[in-house]
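Below, each value reflects all heavy atoms present in this structure, side chains not excepted, and no hydrogens, waters or symmetry copies. Please read all numbers here as calculations on a predicted model, not as lab measurements.
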Amino acid sequence: MSVSVLVPAKNEAANIRACLESLRWADEIFVVDSQSTDGTPALAEAAGAKVVQFSYQPGGAKKKNWSLANVPFRNDWVLIVDADERVPPELATEIRDVIARPDSADGYYLNRRLIFLGRWIRHCGWYPSWNLRLFRHRLGRYESFAVEAPNTGDNEVHEHVVLQGRAGYLRHDLLHHDYKSLFHYLERHNRYSDWDAAVFGRLRHEPLFRRDSLGGALARKRLLKRLWVRLPFRPLLFFLYLYILRAGFLDGAAGWHFCLLASIHQYHINLKMKEAAGLTSPPR
């Protein structure tokens, strides 16, 4: 299939083989690695992927945008898959069909199905979860907030692809199933909260309404974020939103734990914003 796949990775030995096994149908696979120390590059090469090493320079492009600009893809179409994601056969077939159509769009949103504590999180506001992952690589780049935050790593966090063209939607789901432990889940979200605290701190000082606030889906999403960062009691509100309004209780124990951890993530963001603003008391 005339698709190049980009898999950004760092220390993903627990996930990389299953991920690459689900991508055997692709014409070429690039794993862009960040100096992994757990054998990820060797595992990727053994599975037939091409491995490119990436070193982030503060102020420069992060890993996905750097890869889109510098990796020598031989195909027009690129699919971006994280190491803890899998492409089921029915999704691979659909990808083949849409890119072969003469009237295909320039990019396609994929719906991610999150598996958490062994259960599909069908509620909690996490499904559907649309991400623009398949596109003509010259036409798409991740939006950048130009924010530097400590401990956040070298990949774009919670950002979206801005596509210079027309987008469509695929019917079959991309599976998000992390084989690593809860330790790694919590460690990753500790880094994410550093990034979110830096972004939220900047959004809080931006005007709530801007000229382009209603100009498109992405602009409206940014408006909601600027509103969200101004609300009090965000951790509690977020838990009630996910668990009650978005029916997280229907996902059983996994839903409870997922919603609780998501609200704790918001609490961590609040504390780190206060720390950055100098509002927390120094240790004695």
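Nearest heavy atoms, Ala49 versus Leu20: CB-CD1, 4.1 Å. Here the shortest heavy-atom pairing between Pro41 and Asp33 reads CG-OD2, 3.5 Å. Shortest non-hydrogen contact noted between Ser193 and His265 is N-CE1, 3.5 Å. When all heavy atoms of Ser263 and Pro235 are compared, the closest pair comes out as CB-O, 3.3 Å. The minimum heavy-atom distance between Val81 and Pro8, with the atom names listed, is O-CD, 3.6 Å. Residues Trp77 and Ser2 approach most closely at CB-O, 4.0 Å, considering heavy atoms.
Side-chain contact check for Glu187 and Asn190: no donor-acceptor pair (N or O, by modelled atom type) lies under 3.5 Å.
With hydrogens and angles ignored, the 3.5 Å screen pairs no side-chain donor or acceptor of Asn11 with any backbone N or O of Ser36. Between the side chain of Ser22 and the backbone N or O of Val87 there is at least one donor-acceptor pair closer than 3.5 Å. In this structure, Asn111 contributes its side chain and Ser129 its backbone to a donor-acceptor pair below 3.5 Å. Side-chain atoms of Asn15 come within 3.5 Å of backbone atoms of Tyr179 as a donor-acceptor pair (strictly under, hydrogens ignored). Of the possible polar contacts, one joining the Arg230 side chain to the Arg204 backbone as a donor-acceptor pair under 3.5 Å is found. Although no hydrogens or angles enter the test, the distance criterion places no donor-acceptor pair under 3.5 Å between the side chain of Glu45 and the main chain of Ala42. Side chain of Gln35 to main chain of Phe54: a donor-acceptor pair is present (N/O by atom type, distance under 3.5 Å, no hydrogens or angles). Side-chain N or O atoms of Glu94 include one that pairs as donor or acceptor with a backbone N or O of Arg171 at under 3.5 Å. A donor-acceptor pair is defined here as one N or O able to donate and one able to accept, closer than 3.5 Å; such a pair exists between the side chain of Arg226 and the backbone of Pro207. A side-chain donor-acceptor contact under 3.5 Å links Asp38 to the backbone of Thr40.
For an aromatic pair to be called close, the ring centres must be under 6.0 Å apart, and Tyr185 with His189 satisfies this.
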Derivation of the side-chain contact (heavy atoms from CB on, under 4.5 Å) call for Phe135 and Val161: CA-CA 9 Å; Phe135 53 94; Val161 172; 4.1 Å; yes
Candidate pair Cys124 and Asp251, rule side-chain contact (heavy atoms from CB on, under 4.5 Å), full reasoning: CA-CA 8 Å; Cys124 306; Asp251 288 318; 3.5 Å; yes
Test side-chain contact (heavy atoms from CB on, under 4.5 Å) applied to Leu271 and Glu275, step by step: CA-CA 6 Å; Leu271 283 181; Glu275 180 183 50; over 6 Å; no
Full working for side-chain contact (heavy atoms from CB on, under 4.5 Å) between Leu208 and Leu223: CA-CA 7 Å; Leu208 179 58; Leu223 170 61; 4.2 Å; yes
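For the pair Leu91/Leu175, no side-chain contact is recorded, criterion being any heavy-atom separation below 4.5 Å from C-beta on. No side-chain heavy atom of Ile29 sits under 4.5 Å from any side-chain heavy atom of Lys50. Looking at heavy atoms from C-beta onward, Val78 lies in side-chain contact with Leu6 at the 4.5 angstrom threshold. In this structure, His160 and Leu132 have side chains that are not in contact, with every pair of non-hydrogen atoms separated by 4.5 Å or more.
Within a 6.0 Å radius of CZ in Arg122, other residues, nucleotides and ligands contribute 12 heavy atoms or fewer. Crowding of Lys180 atom NZ: a count of heavy atoms from other residues, nucleotides or ligands under 6.0 Å exceeding 12. Within 6.0 Å of CZ on Arg17 lie no more than 12 heavy atoms contributed by other residues, nucleotides or ligands.
Between Trp126 and Phe258, the angle of the ring planes goes over 60°, which puts this pair in the perpendicular group of the 30/60° scheme. The aromatic rings of Phe30 and Phe73 sit perpendicular, their planes meeting at an angle over 60°, well past the 30° parallel limit. Between Tyr243 and Trp256, the angle of the ring planes goes over 60°, which puts this pair in the perpendicular group of the 30/60° scheme.
To the nearest 0.5 Å, atoms CH2 (Trp228) and CZ (Arg234) are separated by 6.5 Å. Expressed to the nearest 0.5 Å, how far CH2 of Trp120 lies from CG of Leu114 amounts to 11.0 Å.
Cation-pi contact between Lys62 and Tyr56: present, with separation from the ring centre below 6.0 Å and deviation from the ring axis of at most 45°.
With Leu134 as the partner, the side chain to side chain contact (heavy atoms under 4.5 Å, CB included) test is satisfied by one option alone out of Leu174, Leu79, Ile80, Asp106: Leu79.
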